[in-house]
Amino acid sequence: MGEKDIMDQEEIYSKVLRAGRRTYFFDVRSTKAGDYYLTITESKKFTHDDGSFHYKKHKIYLYKEDFTAFKEIMEEMMDYIIDEKGQEVISERHQKDFKKEERDISENGTASGSFTDVSFDDI
């Protein structure tokens, strides 16, 4: 592999977003013609029962000619999700509720307040 090939594979500019067991890598790279493109890599850590682990990676290559449409659709999708579901992350809320319920059960042996009485006549 020549020196130019090595230069083509180097990142020009990079950012990392760590999000729990997922990590996102945003890398600006150079084509052989000297133009730039973006790679977005999701790396997700999986732990085995014996404590060993491995990573699964998924990569998207995004070229300049697609930037405008990609950005518009991405913003539209994110706005839609926020408009429909709000900013709160539901899985975090459920995790907090689950931990609170575990504390309630361990303190008084029952899951008080965690169920609602429902009359089937109302259905």
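Note that the structure is a prediction, hence the values are computed from the model and not measured.
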Next on the checklist: Under a 3.5 Å distance rule, please check whether D50 uses its side chain to pair with a backbone N or O of S52 as donor and acceptor.
Outcome noted: yes
Item to check | Straight-line distance of Y13 OH to L38 CG, nearest 0.5 Å | outcome: 11.5 Å
Checklist entry - Within a radius of less than 6.0 Å around NZ of K59, do more than 12 heavy atoms belonging to other residues, nucleotides or ligands occur? => result yes
Checklist entry - Who passes ring-ring contact (aromatic ring centres under 6.0 Å, His included) against F46, sequence neighbours left out? => result H54
Checklist entry - CE/M74 to CG/L62 distance, rounded to the nearest 0.5 angstrom? => result 8.5 Å
Checklist entry - Minimum heavy-atom separation for I82 to Q87, with atom names? => result CG2-NE2, 3.7 Å
Checklist entry - Rounded to the nearest 0.5 Å, how far does OG1 of T39 lie from CZ of R29? => result 4.5 Å
Item to check | E42 and K57: CA distance, side-chain angles, deciding distance, side chain to side chain contact (heavy atoms under 4.5 Å, CB included) verdict | outcome: CA-CA 6 Å; E42 177 200 40; K57 295 182 180 183; over 6 Å; no
Next on the checklist: Nearest 0.5 Å, please: how far is OG1 in T41 from NE2 in H58?
Outcome noted: 11.0 Å
Item to check | Atom pair CD1/CD1 of I40 and I60 - distance to nearest 0.5 Å | outcome: 5.0 Å
Item to check | K45 charged N/C atom sitting above F53 aromatic ring, 6.0 Å / 45° | outcome: yes
Next on the checklist: For G51, is there any backbone N or O sitting under 3.5 Å from a side-chain donor or acceptor partner on T47?
Outcome noted: no
Checklist entry - In this structure, are over 12 heavy atoms from other groups packed under 6.0 Å from Y61 atom OH? => result no
Checklist entry - Going through the checks in order, is the side chain to side chain contact (heavy atoms under 4.5 Å, CB included) test met by S14 and F26? => result CA-CA 6 Å; S14 296; F26 299 85; over 6 Å; no
Checklist entry - ring-ring contact (aromatic ring centres under 6.0 Å, His included) with F67: which residues, sequence neighbours excluded? => result none
Checklist entry - Which is it for Y36 and I12 under the side chain to side chain contact (heavy atoms under 4.5 Å, CB included) test, yes or no, and what are the steps along the way? => result CA-CA 9 Å; Y36 289 168; I12 308 300; 3.6 Å; yes
Checklist entry - Atom CD in E76, atom CG in D83: separation rounded to 0.5 Å? => result 10.5 Å
Item to check | Y24 versus A19, closest heavy-atom pair with distance | outcome: CE1-CB, 4.2 Å
